[in-house]
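I have placed the structure first, in the form of structure tokens, so that the comments after it can refer back to it.
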Amino acid sequence: MELLASNNRFRASALLLVLLFQVTGRVAGESGSYPLVVSTWPFFEAVERAWSAVNNGSSAVDAVVEGCSACEELRCDGTVGPGGSPDENGETTIDAMVMDGVTMEVGAVAAMRYIKDGIKAARLVMRHTQHTLLVGEKASAFSISMGLPGPEDLSSSESIEKWNKWKENNCQPNFWKNVVPVNSCGPYHSNDLMLVAETTCSGDDPMRTVGLRSNHFGLHSHDTISMAVIDKFGHIAVGTSTNGATFKIPGRVGDGPIAGSSAYADSDIGACGATGDGDIMMRFLPCYQVVESMRLGMEPKDAAKDAISRIARKFPDFIGAIFAVNKNGTHAGACHGWTFQYSVRSPEMHHAEVFTVLP
């Protein structure tokens, strides 16, 4: 009878451990817990919105959409959602992406006009199409057909004022290179195609070339919310939203809607989010690199540093940052060219906390 009672106690303890793992997503010795929300920058409202959703039982995908939507509504740093980052024509456009780390499905929109709900549009692409990315006005038409409000002007008085001041400054800085302008604000022509006899505005040097890429990436000029969520079942999702680089050439798409660059998730391994000079970073798919490095056994801190260093070796002047989080909730960040902050909300925290990463 004593042996039978002992076996019953053992079975009860084992069952308790299984239930504990299913509820909290961890067992003794693991360094993290879930649900968990991690986001670029101190976007507290966005993190808390995502946390509220996932802590109340929402899926990782739905919680990511809630968090990124909050940033779009709040127009975080003027670089997310409508009303910020005008392009050369003074227009604001939206890039966004959502990825399900269980199914590896991705939905994204890019250079989307007239629709303010970027992350919701991305989720609609994932849910209702067999595609990954829709762009431009066709992305807008699709979003409206799926029930999102629009069309509407995404500019604001602030974005128009910023654009007017830029025009007064002869449209500098900008993203052109190896070209000559007809006047201070274009149109631009390739050096090889520019005719000496071409008419220019008074005072312009017809052979003046626009300087190489300006280093004008930073908070309030170019930024992204990139968010990862681990839900109560250990499922991971990521999402991003941005209105892109200020004064970009119309039609430009950065890394925001590119899976593997701005964000990446695999529920078997972990997730990554990125922010910064997307034109450079997207050439390296740093978030895919981070997740694959963690798959090979790297800790999040080492995987993040490795991904950033790969870019810095080729582009020592680039500005960017990433956060990495493994499936157990252990997180870390790495950056280059600026001081980076990311926000975290976990069951042990009473509110979102900020972690600062030095270059």
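Residue numbers run from 1 in the order of the sequence given. Because the structure is a prediction, the values reported are computed rather than measured.
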task: Would you tell me whether W176 and E88 have side-chain atoms, one donor and one acceptor, within less than 3.5 Å of each other?
output: yes
| Are I249 and V135 linked, directly or through other ILVMFWY residues, by side chains that come within less than 4.5 angstrom of each other? | no
*Do the rings of H331 and Y342 sit parallel, tilted or perpendicular, given the 30° and 60° boundaries?*
perpendicular
From the list V179, V182, N178, side chain to side chain contact (heavy atoms under 4.5 Å, CB included) with Y188 holds only for V179
Under 4.5 Å between any side-chain heavy atoms of P42 and Q341, yes or no?
yes
Checklist entry - Do D117 and P149 touch side chain to side chain, with heavy atoms closer than 4.5 Å? => result yes
Quiz item: Given R49 and E45, is the salt bridge (charged side-chain N to carboxylate O under 4.0 Å, His left out) satisfied, shown in steps?
Solution: CA-CA 6 Å; R49 179 88 68 87; E45 295 90 342; over 6 Å; no
Steps toward side chain to side chain contact (heavy atoms under 4.5 Å, CB included) verdict (I322, I308) | CA-CA 8 Å; I322 55 180; I308 287 292; 3.8 Å; yes
Does T40 reach the main-chain N or O of T224 with its side chain, forming a donor-acceptor pair under 3.5 Å? yes
Checklist entry - Between the main-chain N or O of E91 and the side-chain N or O of N89, is there a donor-acceptor pair closer than 3.5 Å? => result no
When every non-hydrogen atom of N169 is compared with those of Q172, the smallest separation belongs to ND2-O, 2.9 Å
Value for SG (C185) from CG (N174), rounded to nearest 0.5 Å, stands at 8.5 Å
Next item on the list: Please check if the side chain of S241 supplies one atom and the backbone of V80 the other of a donor-acceptor pair under 3.5 Å.
Entry: no
In short, W338 meets C335 closest at the heavy-atom pair O-SG, 3.1 Å
* Apply side chain to side chain contact (heavy atoms under 4.5 Å, CB included) to the pair N243 and T93, showing each step before the final yes or no. => CA-CA 6 Å; N243 50 42; T93 55; over 6 Å; no
inquiry  = Please check if the number of heavy atoms outside K305 that lie under 6.0 Å from its NZ is greater than 12.
reply    = no
ask   = Taking the side chain as C-beta and beyond, is there a heavy-atom pair between R123 and D62 under 4.5 Å?
value = yes
>> Does I225 form a side chain to side chain contact (heavy atoms under 4.5 Å, CB included) with T242? I'd like the steps, not just the answer.
In response: CA-CA 7 Å; I225 180 171; T242 180; over 6 Å; no
(message) If you apply the rule side chain to side chain contact (heavy atoms under 4.5 Å, CB included), what do you find for F315 with R283, and how did you get there?
(response) CA-CA 11 Å; F315 294 92; R283 303 170 190 177; 3.4 Å; yes
Rounding to 0.5 Å, atoms CD1 (I119) and CG (L124) come to a distance of 10.5 Å
Q) Is a side-chain donor or acceptor of T129 paired with a backbone partner of H131 at a separation under 3.5 angstrom? A) yes
Can you tell if the side chain of P35 reaches within under 4.5 Å of the side chain of D231, non-hydrogen atoms only? no
When every non-hydrogen atom of A307 is compared with those of V290, the smallest separation belongs to CB-CG2, 3.6 Å
Heavy atoms of W51 and L36 approach each other most closely as CZ3-N, 4.2 Å
message: Within the structure provided, determine whether M227 and V37 are in side-chain contact (heavy-atom separation under 4.5 Å).
response: yes
Within the 3.5 Å criterion, strictly below it, is a donor on Q289 or S293 matched to an acceptor on the partner's side chain? yes
In this structure, CG of L296 is separated from CD of E292 (nearest 0.5 Å) by 7.0 Å
NZ/NE/NH1/NH2 to OD/OE distance under 4.0 Å, K116 and E72:
no
- prompt: With distance as the sole test, does S69 use its side chain to make a donor-acceptor pair with the main-chain N or O of V65 at under 3.5 Å?
  reply: yes
| task | With the side chain counted from C-beta on, respond yes when V98 and V61 share a heavy-atom pair under 4.5 Å apart, and no when they do not. | result | yes
dist W163:CH2 -> T92:OG1 (nearest 0.5 Å) comes out at 11.5 Å
Exercise. Within a strict 4.5 Å, meaning less than it, do heavy atoms of the L134 and F142 side chains meet?
Worked result: yes
Value for CE (M294) from NZ (K327), rounded to nearest 0.5 Å, stands at 11.0 Å
**Prompt:** Salt bridge or not for R295 and D266, using N-O below 4.0 Å?
**Reply:** yes
With F340 as partner, the option from W41, F323, F355 fulfilling ring-ring contact (aromatic ring centres under 6.0 Å, His included) is W41
Item to check | Derivation of the salt bridge (charged side-chain N to carboxylate O under 4.0 Å, His left out) call for R345 and E48 | outcome: CA-CA 8 Å; R345 183 74 155 89; E48 293 296 343; 3.3 Å; yes
When clusters are formed by joining ILVMFWY residues with side-chain heavy atoms under 4.5 Å apart, either directly or through shared neighbours, do L133 and M282 land in the same one?
no
| R75 side chain to C71 backbone, donor-acceptor under 3.5 Å | no
| said: Would you say that K232 contacts N55 through its side chain, given a criterion of any heavy-atom pair below 4.5 Å between the two side chains? | reply: yes
To the nearest 0.5 Å, atom CD of E66 lies from atom CG of N56 at 11.0 Å
Can you hop from F43 to V54 via hydrophobic side chains spaced under 4.5 Å? yes
Correct closest heavy-atom pair for S190 and V180 would be O-CG2, 4.4 Å
Is a donor on one side and an acceptor on the other found under 3.5 Å between the side chain of S58 and the backbone of A53? yes
Exercise for the section: Indicate, with yes or no, if the rings of F44 and H351 have centres closer together than 6.0 Å. Expected result: no
Check your understanding: So does K162 pair up with D87, basic N to acidic O under 4.0 Å?
Key -> no
In terms of heavy-atom contacts, D255 and M281 come closest through OD2-CB, 4.3 Å
Would you find a donor on one side and an acceptor on the other, under 3.5 Å apart, between the side chain of S159 and the backbone of S156? yes
Original post:
Is a side-chain N or O of S155 found less than 3.5 angstrom from the main chain of G83, in a donor-acceptor match?
Top reply: no
Transitive ILVMFWY side-chain link V238 to M104, under 4.5 Å: yes
Are I280 and V253 connected into the same hydrophobic cluster when the rule is that any two of I, L, V, M, F, W, Y join if their side-chain heavy atoms are below 4.5 Å apart?
no
- Side chain D302, main chain M298, donor-acceptor under 3.5 Å: no
